[in-house]
Protein chains: 2
Amino acid sequence: MDKQRDDTIASRISRALAERIISGVLSPGERLRQDHIAEEFGASHVPVREAFRLLEAQGLAVSEPRRGFRVAAFDLKEVREVAEMRAVLEVLALRHAIPHLTAAILERAEAATVAADTSRDVRSWEAANRAFHRLLLEPCGMPRLLASIDDLHAASARFLFSAWRTSWEARTDHDHRAILAALREGRGDEAAKILERHVGWIGKTPARTAAGETREAFSIVG
Amino acid sequence: MDKQRDDTIASRISRALAERIISGVLSPGERLRQDHIAEEFGASHVPVREAFRLLEAQGLAVSEPRRGFRVAAFDLKEVREVAEMRAVLEVLALRHAIPHLTAAILERAEAATVAADTSRDVRSWEAANRAFHRLLLEPCGMPRLLASIDDLHAASARFLFSAWRTSWEARTDHDHRAILAALREGRGDEAAKILERHVGWIGKTPARTAAGETREAFSIVG
DNA sequence: GAATCAAAAATTATCTATAATTTGAAAACA
DNA sequence: TGTTTTCAAATTATAGATAATTTTTGATTC
């Protein structure tokens with residue numbers, strides 16, 4: 001295996017584990033045993049521990065000193081917290097990105113929307129949805145802000161996958177199209193307003209604890 | 001020294017280094033040599049590397065794979081980015097905290113304001129200022145949000161200390177008093193509006209590169 | 001100015017000590 | 001007699017120390 005010059009074993013393990021946590025292969029609360037993981041990746045426990053720290057920073061794992069690491073748990077309260085943080089941060093990013101948005105970018109965002117609407121499974125929907133948001137926000141040129149938003153997207157994806165693990169129904173994302181239309185016509189404030197409602201929690205009824213209702217709450221995380 | 005049961009060598013080193021980076025003892029761009037630091041703390045380099053990862057997550061250090069870690073650099077562009085992120089996140093936190101604010105909390109926030117106004121040096125001013133913000137926001141009960149805000153405060157403090165390293169002049173913080181007054185009278189929206197302006201960058205002229213002007217820009221980071 | 005070699009420093013591996021968890025047996029109780 | 005509780009030994013896993021391996025960097029020579 002030829003490892004990249006600019007990434008370390010720790011970051012490679014971190015990415016692999018993040019993927020598993022987000023997709024739900026590793027369940028919330030599950031222990032992350034460093035020796036087992038080290039063995040699986042053919043490495044020692046030192047880079048594994050560094051990978052754990054990276055996951056901790058992304059909010060995907062939690063450290064219990066002298067007791068190891070666990071996959072971070074999450075509840076509806078946290079879904080809501082993440083959604084609200086995304087709402088305000090994405091609006092901030094969009095406002096700064098707007099002056100730098102080009103027709104080409106909006107074109108690609110449109111394509112991402114189409115890809116999302118025609119997705120056959122939740123995985124590809126999530127990828128397309130994330131691409132849409134990334135495309136519109138990246139031109140803001142604020143690296144720290146974008147990094148925070150990425151981490152929140154990862155958290156959102158966990159919730160999404162946990163709810164739609166088995167089935168998935170395609171649906172047209174009217175918000176995305178409305179945002180694009182507003183941006184094309186120079187109505188930046190309106191685009192920001194739609195984005196805030198789209199991502200955030202405003203007016204979304206907290207779901208009851210019943211499993212079926214929970215899914216409905218999760219499904220609206222855009 | 002008897003080490004606490006629930007904190008690790010890595011976190012202890014991390015806190016010590018964070019303190020140095022924030023206070024400016026370690027300069028932006030400076031290399032963090034793991035062997036030297038390990039020796040200084042009487043530990044091996046393994047916990048030192050974990051400490052570096054923690055600092056990286058807080059945005060105080062940057063990793064250059066295969067080349068080690070450096071103290072994170074910062075420029076006016078990043079000061080602005082941090083200020084704007086703080087503005088939107090602190091407003092979000094305040095809105096959720098308001099229903100849980102008690103007279104006792106406002107009392108303590110008032111005391112923190114007085115402490116800030118009578119500070120003789122920038123260190124104690126920063127501590128009092130941070131306490132003020134923490135007191136008002138903590139009741140929001142959103143741990144992830146509060147953690148993000150804490151990291152941004154650390155970044156703000158770096159800028160502050162870098163500008164006011166030698167001298168410091170006391171000044172009365174009218175914004176803090178206005179926020180408290182609004183909260184006492186139940187005008188939450190107005191409190192949030194003042195906080196947003198207070199923390200953020202709106203209407204603040206970006207300073208010229210000349211050192212004297214830069215200080216002025218830094219000084220307004222509340 | 002390019003290339004080669006040496007020194008330094010980062011990354012990873014191996015090993016050890018210590019803390020946490022589990023297991024199982026004995027005792028207490030119903 | 002059966003069940004539960006408690007305590008100690010054994011097992012397991014984490015955290016850290018030490019050692020080995022690359023990789024980078026700086027100097028020196030061609």
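The chains referred to below are lettered A, B, ... by the order of the sequence lines, with proteins before strands, and numbering in each begins at 1.
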Discussion item. Run the salt bridge (Lys or Arg N to Asp or Glu O under 4.0 Å) test against B:Glu40 and tell me which residues pass, sequence neighbours left out.
Written reply: B:Arg20

Discussion item. Closer than 4.0 angstrom, basic N to acidic O: yes or no for A:Arg15 and A:Glu19?
Written reply: no

Worksheet entry | Sequence-distant partners of B:Glu64, salt bridge (Lys or Arg N to Asp or Glu O under 4.0 Å), two or more places apart | B:Arg70

Worksheet entry | Closest-nucleotide ordering on DNA chain C, the 5'-leading residue of A:Arg31 and B:Asp35 | B:Asp35

Worksheet, complete the sentence: Against the side chain of A:Arg66, the closest entry in C:dA9, D:dG16, D:dA17 is D:dG16

Item to complete: Figure out the CD/C1' separation between A:Gln34 and C:dT12, and round it to whole Å.
Response: 14 Å

Worksheet entry | Residues from residues 55-64 of chain A lying under 4.0 Å of DNA chain C - heavy atoms | none

Worksheet item: Over how many whole Å does the gap from B:Arg33 atom CZ to C:dA7 atom C1' extend?
Response: 14 Å

Practice prompt. Figure out the CD/P separation between B:Glu50 and D:dT14, and round it to whole Å.
Written response: 12 Å

Worksheet item: Applying the side-chain hydrogen bond (donor to acceptor under 3.5 Å, both in side chains) test to B:His153, which of B:Arg134, B:Glu126, B:Glu90 qualifies?
Response: B:Glu90

Practice prompt. For the pair A:Glu50 and A:Arg53, find out whether any cationic side-chain nitrogen is under 4.0 Å from an anionic carboxylate oxygen.
Written response: no

Worksheet item: When you check the gap from the basic side-chain N to the acidic O, do A:Lys77 and A:Glu81 get nearer than 4.0 Å?
Response: no

Worksheet item: Closest to the B:Pro47 side chain: D:dA17, C:dA10, C:dA13?
Response: D:dA17

Worksheet item: Can you check whether A:Arg67 has a side-chain N or O nearer than 4.0 Å to OP1 or OP2 of C:dT21?
Response: yes

Discussion item. List the residues meeting side chain to side chain contact (heavy atoms under 4.5 Å, CB included) with B:Ile98, not counting sequence neighbours, and say none if there are none.
Written reply: B:Leu94, B:Leu101, B:Leu183

Worksheet item: Can you check the A:His36 NE2 to D:dT11 P distance for me, whole Å?
Response: 16 Å

Fill in: From D:dG16, C:dT12, C:dA10, nucleotide with atom closest to B:Thr8 side chain
D:dG16

Worksheet item: Do A:Arg130 side-chain atoms and A:Asp150 backbone N/O form a donor-acceptor pair below 3.5 Å?
Response: no

Could you list the protein-to-nucleotides 18-21 of chain D atom pairs, N/O on both sides, closer than 3.5 Å?
residue : atom : partner : partner atom : Å
D:dT18  : O4   : B:His45 : NE2          : 3.3
D:dA19  : N6   : B:His45 : NE2          : 3.1

Fill in: For B:Glu107, all residues meeting salt bridge (Lys or Arg N to Asp or Glu O under 4.0 Å), sequence neighbours excluded
none

